[in-house]
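In what follows, every heavy atom counts, from backbone to side chain, and hydrogens, waters and symmetry copies are set aside. Below, chains carry the letters A, B, ... as their sequence lines are ordered, and counting in each starts from 1.
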Amino acid sequence: MLHTVNKSPFEKNALESCLSHAVEGASILLIEDGVYAALGGTSTAARMAEAAKRFKVFVLGPDLAARGMDAGRLVEGVGIVDYEGFVDLVAEHPTSQAWL
Amino acid sequence: MLHTVNKSPFEKNALESCLSHAVEGASILLIEDGVYAALGGTSTAARMAEAAKRFKVFVLGPDLAARGMDAGRLVEGVGIVDYEGFVDLVAEHPTSQAWL
Amino acid sequence: MKIGILVNEGPYNHQASDTALNFCKAALAKGHTIWRVFFYYDGVLNAAPRAEPPTDDRNLFKQWGELAEKHGVDLVVCVAAGLRRGIREGDTAPGFRISGLGQLIEAGIQCDRLVTFGD
Amino acid sequence: MKIGILVNEGPYNHQASDTALNFCKAALAKGHTIWRVFFYYDGVLNAAPRAEPPTDDRNLFKQWGELAEKHGVDLVVCVAAGLRRGIREGDTAPGFRISGLGQLIEAGIQCDRLVTFGD
Amino acid sequence: MDEMESGVVKKFMFVNRKAPYGTIYALEVLEMVLISAAFDQDVHLAFVDDGVFQLKKGQDTKALGQKNFSPTYRALDGYDIEKLYVEAESMAERGLTEADLLVPVEVLSRADMGALMNEMDVVLTA
Amino acid sequence: MDEMESGVVKKFMFVNRKAPYGTIYALEVLEMVLISAAFDQDVHLAFVDDGVFQLKKGQDTKALGQKNFSPTYRALDGYDIEKLYVEAESMAERGLTEADLLVPVEVLSRADMGALMNEMDVVLTA
């Protein structure tokens, strides 16, 4: 399963709900305002660092760049993909689920 | 100041942000999905019970009824108003601030 | 009391438009003046001229129009936000007019209260 | 691979429409088929026919139309959700057509993947 | 509505995570669900997070001026849509019990709900 | 835009609580703020919660296809809009420091931000 999360973890419960439902080994792609969850040094970073051990976590690079965040700030274990990588993730997983 | 909050406390940070910015003695009106914060027996009820001691807290009755909740379920100290009561609250306070 | 209203969201998808309407009706019933309702962000979609909601549901477009017709409420749609979303001068639901954001700031200055409904 | 897309929000107010467009372009560039894009909830507003976004910003309506024109992508607007919001048969931006919700379920059945973009 | 005659039967899940009335998602998801009944698919409805509030008994929208669409949940079994799953933890956090719900459902733990989601072919959320 | 000549000067505050690009609020609030400059009011901008992300340096929207509107914040003082307040706790929770911001601001504690909000005549939020 590929889960997409597009909400800031500081504003909404979408990421938390995703993390508590996703099955071990699932892939999670953070897009739009969801990319803030990938940043280190925040009040949610420890939660994401722990999640990155149980899930394959990715962040959409163009959304990260738009928000002025660079790769050096990411929590360890989070990978960066572009829109083509997003398409590949969709193709690799039989089902996608959006946490809105 | 009259603060209005229209978001579920389980979904968004609007109520929490309101409570941490409002000045002692301020009025807070819970409307739309914000009314869920007024319910007792929930994971957020203790936070609201404590808030009801520092602020004047109201809930919009029509929104409560629409969602199938009755007055008996409310946290102690929360008052119910209808749309006319909402208007009175706006008239009584020089400024309104919406937490969206 | 002179009350100004800001509506930030379109009809149906969010409750903001319903709540604003119910608030306006109650305020008018209590003898207050709704000096202006300003529609911004997706709020401009309340002025969509060709909507046809299911007959067993409320018609929010018509309810706004009635507020303008019966109570002379000034319904102002932001021109820039409207153009972005397909709501244009001369092509709105009855009762609405198009103007600039200055009309919102003016409402903030002129009204005793300004109340925001959004998402 | 045959990919279906569901767009839940209107243009500009939320990023859903932008992200869906960028995803579709990337999928087409990689040789996948975008079998259908279904517009539901406020997503129907992507088909607004009279919008005129600022000239220094992107035109999402036009970008959807180009996807239909250049790549034959089937852009389907839900009739019921559209009527609620003023988007009607015969009066949409170029490239869109109006049909029923069954077209979304059909996309779910026929496509190898269904990807949702919303708020 | 055309019935599909392809013979393909997929596991569809409609995931409800939002409260009713504050936004239209609950209502328009229901319209989706009703249409899906014509396609002979294996349809599942999940109620998690604030979605559990959709099933609260006693909704009365008269003072709001909105339509009360909650009776539709009771009509779903007439469309052979019978797989309704509600999450136990979501109910507990919101002070609800099964006695608060207007329709019979299967209550699942969060872990079981996650496992069920993972079995689906098509997941639709709003 | 007509300038108001009523002589009334009110304390206006535009409260930014949302991140940029995911929604349009940050951009359209800025359009409001620019117009307000013509009315000779006492204009305040507050950045709290995810609103602090609006001021992050180095925004680059090329790959998104959206317009990067962040330079407008730097242009505000040309409109005599100089009262920009950013909340310390909101920045800290999000791992930001003043060095991350693209424009000079006054940093306030959450308590001071609440007190400032309480002094306003008109508060506009999105």
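- Contact of His14(C) with chain B is not made at all, since no heavy-atom distance falls under 4.5 Å.
- Checking each of Asp18(C), Asp119(C), Thr19(C) against Glu32(B) for a side-chain contact (heavy atoms from CB on, under 4.5 Å) leaves exactly one that passes, namely Thr19(C).
- For the pair Arg113(C) and Ala91(B), the tightest heavy-atom approach, listed with the atom from each and the gap, is NH2-O, 2.7 Å.
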Original post:
Would Lys30(C) and Asp88(B) satisfy side chain to side chain contact (heavy atoms under 4.5 Å, CB included), going step by step from the backbone distance to the final call?
Top reply: CA-CA 9 Å; Lys30(C) 291 186 80 85; Asp88(B) 290 341; 2.7 Å; yes
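- Chain B forms the most heavy-atom pairs under 4.5 Å with one residue out of Ala29(C), Cys24(C), Gly118(C), and that residue is Gly118(C).
- Within residues 54-80 of chain B, the residues having any heavy atom closer than 4.5 Å to a heavy atom of chain C are Asp63(B), Arg67(B), listed by residue number.
- By the 6.0 Å contact criterion, CD on Glu69(C) is open, its count of non-hydrogen atoms from other residues, nucleotides or ligands being 12 or less.
- Atom CG in Asn6(B) sits 10.0 Å away from atom CZ in Phe117(C) (nearest 0.5 Å).
- The heavy-atom pair separating Ala98(B) from Thr116(C) by the smallest distance is CB-O, 3.7 Å.
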